[in-house]
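Within every chain, numbering begins at 1; the chains are lettered A, B, ... in the order of the sequence lines, protein sequences first and strands thereafter.
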Number of protein chains: 2
Amino acid sequence: MSDTDGPHLAALAALLADPTRSTMCLALLDGRAWTLSELARHARVSAPTASEHLNRLVEGGLFTEVRQGRHRYVRLAGSETAYLVETMAGHTVPERRPVRSLAQSARRRALARARTCYDHLAGALGVNVTRAMSERGLLGQETGFALTGAGLDWFADLGIDLPTGGRRPLARPCLDWTERRPHLAGVAGAALLSHALDAGWCVRIGGGRALRVTDRGARDLADLLGLGTSAGAETSAP
Amino acid sequence: MSDTDGPHLAALAALLADPTRSTMCLALLDGRAWTLSELARHARVSAPTASEHLNRLVEGGLFTEVRQGRHRYVRLAGSETAYLVETMAGHTVPERRPVRSLAQSARRRALARARTCYDHLAGALGVNVTRAMSERGLLGQETGFALTGAGLDWFADLGIDLPTGGRRPLARPCLDWTERRPHLAGVAGAALLSHALDAGWCVRIGGGRALRVTDRGARDLADLLGLGTSAGAETSAP
DNA sequence: GTGACGTTTCGGCGCACACCGAAGTGGGCG
DNA sequence: CGCCCACTTCGGTGTGCGCCGAAACGTCAC
């Protein structure tokens with residue numbers, strides 16, 4: 001391989017190499033299914049244009065689609081695809097981009113505080129939770145990135161079932177775009193976000209990826225991980 | 001972020017979205033510096049064309065260059081860049097590609113047996129070494145991907161120094177293109193390949209990425225990890 | 001100096017494709 | 001049945017860019 005793989009790699013990259021398509025991919029990082037018209041509006045293109053792009057993304061295996069009545073729902077093909085998009089997004093140079101409006105600034109701060117990254121926690125909240133887990137000996141980051149025995153017990157005590165045996169790693173680092181530090185992804189990361197939503201630790205705000213930590217969530221996270229009440233609000237200043 | 005990051009992600013992807021450029025990136029996965037004309041010949045384009053592509057790749061931060069006399073040497077910007085290329089390459093669908101010539105078939109088999117992947121071992125050899133380390137309790141893969149205490153001792157006993165403290169993880173999985181299984185990357189992976197070359201366990205064959213396991217290497221790997229003499233030759237058949 | 005060679009710049013060609021408006025398809029609903 | 005709406009197909013336009021040959025530039029060797 002590899003000698004003849006150039007064109008294949010290029011074909012994959014070309015799917016992400018268009019601003020409209022990459023915007024769509026980032027939008028779908030919220031892990032949910034979007035309709036064509038929602039994506040068209042989000043990416044500011046006409047419906048015909050969006051249709052063409054979705055065809056290519058589905059054809060290329062990055063998206064899967066479900067047709068329901070007159071709607072065309074698409075979502076990321078799976079966690080591996082999300083991982084690919086996350087990895088590439090983590091390598092873009094963060095430039096000083098002028099904030100154009102007050103509303104945009106508020107939205108951006110909300111996303112930086114706490115958000116979902118496909119199926120796990122991200123933003124300051126995700127990074128702080130990951131760091132706290134490390135400090136409490138639940139997660140080992142020194143010699144790689146893996147749950148410890150204590151970490152497995154911690155999930156069990158919370159009543160969170162961690163399905164094993166699949167190809168997906170139990171714990172994996174995911175580079176946070178805003179914090180530039182790793183947060184917990186993989187099976188454990190997905191289970192943790194799922195539990196956080198079920199247990200009412202946080203709720204989605206707006207229709208997007210942003211999360212708000214509830215009072216109950218702040219209390220439980222303080223109890224379980226010693227997180228300060230501003231863990232999902234404070235910036236990453238040292 | 002993320003809302004306005006579509007164009008940035010697209011710009012990064014566009015660097016890899018051309019067959020000539022992606023071929024160059026894959027070539028540089030051998031971790032060494034290539035001259036412009038070497039890359040032009042490898043990618044089967046003229047020197048002017050290659051020059052343009054290198055400009056864009058350097059400009060985009062994927063390559064770094066060193067000018068020496070009338071030569072222009074380029075290499076991957078770093079291990080993170082190599083990781084990015086590896087990740088994307090690992091997501092290309094492996095298709096049944098007809099083998100066109102006997103020489104190509106032999107080259108492909110050699111690469112599948114043992115090769116370098118930027119700065120660590122890959123191919124059947126890399127995957128088997130990784131699996132053996134797991135079975136011997138040197139590497140934990142159940143709850144993530146991390147060296148164990150025994151693993152740290154194992155490196156120390158070999159006299160391999162593992163520099164810590166940098167941003168690069170000590171152990172990281174890298175999906176093998178040919179084997180479709182993880183092999184050891186990160187600081188430990190790089191140190192292991194470096195030691196393997198220094199200790200004469202394997203040598204580079206041809207000018208490329210392919211490796212040949214020496215008699216001495218086969219003996220030492222059998223002693224240290226219980227690897228069969230064909231560990232770098234056998235296929236991954238279960 | 002002169003010649004060879006690696007690299008860059010320039011000009012021009014041709015193709016791929018992102019985009020839209022208009023028209024067509026088909027499901028859902030009154 | 002007829003209307004609305006989500007989506008797709010079709011034509012046409014513009015442009016970005018990958019490519020090369022020719023020529024210029026720099027370095028090295030003699």
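Between A:T164 and A:L170 the shortest heavy-atom distance is CG2-CD1, 4.4 Å.
Within 6.0 Å of atom CG in A:D198, more than 12 heavy atoms from other residues, nucleotides or ligands are found, so the atom counts as buried in its surroundings.
Taking atom CG of residue A:N55 and atom C1' of nucleotide C:dC17, one finds them 14 Å apart after rounding to whole Å. Between the CG atom of B:L54 and the P atom of C:dT9 there is a distance of 12 Å, given to the nearest Å. Between the P atom of C:dA18 and the CG atom of A:L16 lies a distance of 12 Å, rounded to the nearest Å. A:H53 has its NE2 atom 16 Å from the P atom of D:dC7, to the nearest Å. In this structure, CG of B:L15 is placed 11 Å from P of D:dC17, rounded to the nearest angstrom. Atom CG in A:D18 sits roughly 14 Å away from atom C1' in D:dC17 (whole-Å rounding). Following rounding to the nearest Å, A:E59 (CD) and D:dT8 (C1') show an atom-to-atom distance of 16 Å. Here D:dC5 presents its P atom at 17 Å from CD of A:E38, a figure rounded to the nearest Å.
Taking the side chain as every heavy atom from C-beta outward, B:L39 and B:L36 never approach each other to under 4.5 Å.
Counting only N and O atoms by type, the side chains of A:T178 and A:R115 include a donor and acceptor under 3.5 Å apart.
Of the listed nucleotides (D:dC20, C:dT7, D:dT8), D:dC20 has the atom at the smallest distance from the side chain of B:S46. Set against C:dG21, D:dC20, D:dC7, the side chain of A:L36 has D:dC7 as its closest nucleotide.
Put simply, A:S51 has no side-chain N or O that comes within less than 4.0 Å of OP1 or OP2 on D:dC7. In terms of phosphate contacts, B:S37 brings a side-chain nitrogen or oxygen within less than 4.0 Å of OP1 or OP2 of C:dT7. Between B:T20 and D:dG18 there is no side-chain polar atom (N or O) within less than 4.0 angstrom of OP1 or OP2.
The structure places CG of B:L121 at 8.5 Å from NE2 of B:H183, a figure rounded to the nearest 0.5 Å.
Residue-level contact check: B:T49 touches the bases, meaning some heavy atom is under 4.0 Å from a base atom.
Each of A:R21 and B:H71 lies near DNA chain C, and the nucleotide nearest B:H71 is the one positioned closer to the 5' end. Across the interface with DNA chain D, nearest-nucleotide mapping of B:R56 and B:P48 shows B:R56 to be the residue nearer the 5′ end. Residues A:Q68 and B:E52 both approach DNA chain C. Their nearest nucleotides, taken by heavy-atom distance, put B:E52 toward the 5′ side.
Scanning atom types as modelled, one donor and one acceptor separated by under 3.5 angstrom connect the side chain of A:R70 and the base of D:dC5. For D:dC7, its base never sits under 3.5 Å from the side chain of A:R72 at any donor and acceptor pair.
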